[in-house]
Amino acid sequence: MKENKFEDIYEVVKLIPSGRACSYGIIAEFLGSKRGARLVGWAMNALQNRIDVPAHRVVNRNGFLSGKAAFETPTSMQERLEEEGLIIIEDQIQDFEKILWNPNKELI
DNA sequence: AGACTGACTGGGA
DNA sequence: GTCCCAGCCAGTC
């Protein structure tokens, strides 16, 4: 029941638990499009002001806050992540692989 | 209507 | 280990 791929992306992002982060590629792979990571980013951009979807928990594979510019303020993304207990230094999530959330493994 | 770009990733050289 | 290329979907020019 996939009306739009965007809806699926939002569903997955909403499933990301607090204090955790996810990468575009993982979400894209979860949806079946391994190379559709760019679509995930595109979907996030479509959200813009939608806080229903924790887009701040979605970062690139390197753990960098590549999409921070899409938030109201470039620091809003980092602020929210820090509120959840994550450590952000120079727009990069520390211990990213430790807080990385894999829907394919944890959401079985 | 055709082509390019974009919050990305993986593989090959 | 680092750099370059190809692929994905949707929106915009």
Side-chain angles (χ1 to χ4, degrees):
Chain A
M1 317 193 259
K2 304 178 176 175
E3 295 185 351
N4 291 335
K5 298 240 176 179
F6 279 38
E7 290 295 319
D8 265 10
I9 294 170
Y10 302 150
E11 286 280 311
V12 179
V13 176
K14 285 178 184 175
L15 294 173
I16 301 175
S18 179
R20 292 276 192 140
C22 195
S23 68
Y24 304 97
I26 292 174
I27 297 172
E29 188 178 57
F30 186 73
L31 297 176
S33 300
K34 182 173 165 190
R35 299 296 166 112
R38 290 164 48 154
L39 273 303
V40 180
W42 232 95
M44 297 297 102
N45 189 16
L47 292 170
Q48 290 185 338
N49 309 330
R50 198 130 213 176
I51 62 173
D52 290 15
V53 182
H56 60 275
R57 293 180 191 154
V58 184
V59 294
N60 63 358
R61 187 191 98 64
N62 298 317
F64 281 94
L65 309 183
S66 35
K68 64 183 167 83
F71 287 76
E72 299 185 19
T73 57
T75 55
S76 180
M77 189 175 188
Q78 179 175 334
E79 295 271 323
R80 293 189 185 189
L81 288 171
E82 289 180 329
E83 280 287 311
E84 298 186 355
L86 299 186
I87 309 299
I88 315 295
I89 299 177
E90 307 228 341
D91 297 334
Q92 183 179 28
I93 298 178
Q94 303 304 302
D95 302 323
F96 179 57
E97 40 186 291
K98 291 181 182 177
I99 57 91
L100 183 60
W101 178 72
N102 297 349
N104 298 289
K105 296 181 178 180
E106 303 194 33
L107 188 69
I108 271 174

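Letters A, B, ... mirror the listed sequences (proteins, then strands); counts begin at 1. Computation of the quantities below employed the complete heavy-atom set of this structure, encompassing side-chain atoms and omitting hydrogens, waters and symmetry-equivalent molecules.
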Engineer: By salt bridge (charged side-chain N to carboxylate O under 4.0 Å, His left out), which residues pair with R80(A), not counting sequence neighbours?
Structural biologist: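 Salt bridge (charged side-chain N to carboxylate O under 4.0 Å, His left out) check on R80(A) returns nothing, list empty.
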Engineer: For A55(A) versus V13(A), what's the shortest heavy-atom pair and its separation?
Structural biologist: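 That would be N-CG1, 4.1 Å.
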Engineer: Partners of E82(A) by side-chain hydrogen bond (donor to acceptor under 3.5 Å, both in side chains), sequence neighbours excluded?
Structural biologist: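 Residues passing side-chain hydrogen bond (donor to acceptor under 3.5 Å, both in side chains) with E82(A): Q78(A).
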Engineer: Scan residues 17-29 of chain A against DNA chain B and write down, sorted by residue number, each residue with any heavy atom closer than 4.0 Å; if none is found, say none.
Structural biologist: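 Output list: S23(A), Y24(A), G25(A).
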Engineer: Output the pairing pattern of DNA chain C as a dot-bracket string, 5' first, Watson-Crick or G-U wobble with both distances under 3.5 Å, | for cross-strand pairs, [ ] for crossing pairs.
Structural biologist: .||||||.|||||
Engineer: Between dC8(B) and dG1(C), how far is it from one P atom to the other, in whole Å?
Structural biologist: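 So the two P atoms sit 24 Å from each other.
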Engineer: Give N45(A) one of three labels, base, sugar-phosphate or nothing, depending on what nucleic acid heavy atoms sit under 4.0 Å from its own.
Structural biologist: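 Result for N45(A) = base.
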Engineer: Among residues 74-82 of chain A, which contact DNA chain B at a heavy-atom distance under 4.0 Å?
Structural biologist: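 Going residue by residue through residues 74-82 of chain A, none turns out to have a heavy atom under 4.0 Å of DNA chain B.
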Engineer: Can you list, by chain and residue number, the hydrophobic cluster partners of L100(A) when the side-chain cut-off is 4.5 Å?
Structural biologist: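 Traced through the cluster, L100(A) reaches I26(A), V59(A), L65(A), F71(A), M77(A), L81(A), L86(A), I88(A), I93(A), F96(A), I99(A).
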Engineer: Ignoring hydrogens, what is the shortest heavy-atom contact between G67(A) and Y24(A)? Give both atom names and the distance.
Structural biologist: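 Answer, listing the atom of G67(A) first, then Y24(A): N-OH, 4.2 Å.
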Engineer: Taking dC3(C) as the reference, what is the distance to dA7(B) when you measure between their C1' atoms (whole Å, please)?
Structural biologist: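 These two C1' atoms come out 22 Å apart once rounded.
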Engineer: Above 12 or not: heavy atoms from other molecules or residues under 6.0 Å from CD of E83(A)?
Structural biologist: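 12 or below, so no.
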Engineer: Using a 4.0 Å cut-off to any heavy atom of chain A, which nucleotides of DNA chain B are the first and last in contact, reading 5' to 3'?
Structural biologist: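 Contact boundaries, 5' end first: dG6(B) to dG10(B).
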Engineer: Do any pairs count as a salt bridge (Lys or Arg N to Asp or Glu O under 4.0 Å) and have a residue in residues 11-32 of chain A, sequence neighbours left out, and if so which ones?
Structural biologist: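 Applying salt bridge (Lys or Arg N to Asp or Glu O under 4.0 Å) to every pair that reaches into residues 11-32 of chain A, excluding sequence neighbours, yields R20(A)-E106(A).
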Engineer: Roughly how many Å apart are dC4(B) and dC5(C), using the P atom of each and rounding to a whole number?
Structural biologist: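 Roughly 16 Å separates the two P atoms.
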Engineer: Is the shortest heavy-atom distance from the side chain of V12(A) to the side chain of W101(A) under 4.5 Å?
Structural biologist: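 Yes, close enough: below the 4.5 Å cut-off.
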Engineer: Is any side-chain heavy atom of L31(A) less than 4.5 Å from a side-chain heavy atom of K5(A)?
Structural biologist: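 Side-chain contact under 4.5 Å: no.
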Engineer: Name all pairs fulfilling the salt bridge (Lys or Arg N to Asp or Glu O under 4.0 Å) condition that reach into residues 43-66 of chain A, sequence neighbours left out, sorted by first residue then second.
Structural biologist: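 Listed by first then second residue: R50(A)-D52(A), R57(A)-E84(A).
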Engineer: Between residues 90-102 of chain A and DNA chain B, which residues have a heavy-atom gap below 4.0 Å?
Structural biologist: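 Hits under 4.0 Å, by residue number: none.
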Engineer: Kindly determine whether D95(A) and I87(A) satisfy side-chain contact (heavy atoms from CB on, under 4.5 Å), including the steps that lead there.
Structural biologist: CA-CA 8 Å; D95(A) 302 323; I87(A) 309 299; 5.6 Å; no
Engineer: Take L47(A) and M44(A) through the side-chain contact (heavy atoms from CB on, under 4.5 Å) test and state the conclusion after the steps.
Structural biologist: CA-CA 5 Å; L47(A) 292 170; M44(A) 297 297 102; 3.7 Å; yes
Engineer: Tabulate below the donor-acceptor pairs under 3.5 Å that side-chain atoms of residues 34-43 of chain A make, not counting sequence neighbours, or state none.
Structural biologist:
none

Engineer: Which atom names give the shortest non-hydrogen contact between F64(A) and E90(A), and what distance separates them?
Structural biologist: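 Smallest heavy-atom distance, with atoms named: CE2-O, 4.1 Å.
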Engineer: When you check every protein heavy atom under 4.0 Å of nucleotides 6-13 of chain C, what one-letter string (B, S, -) results, 5' to 3'?
Structural biologist: BBBBSS--
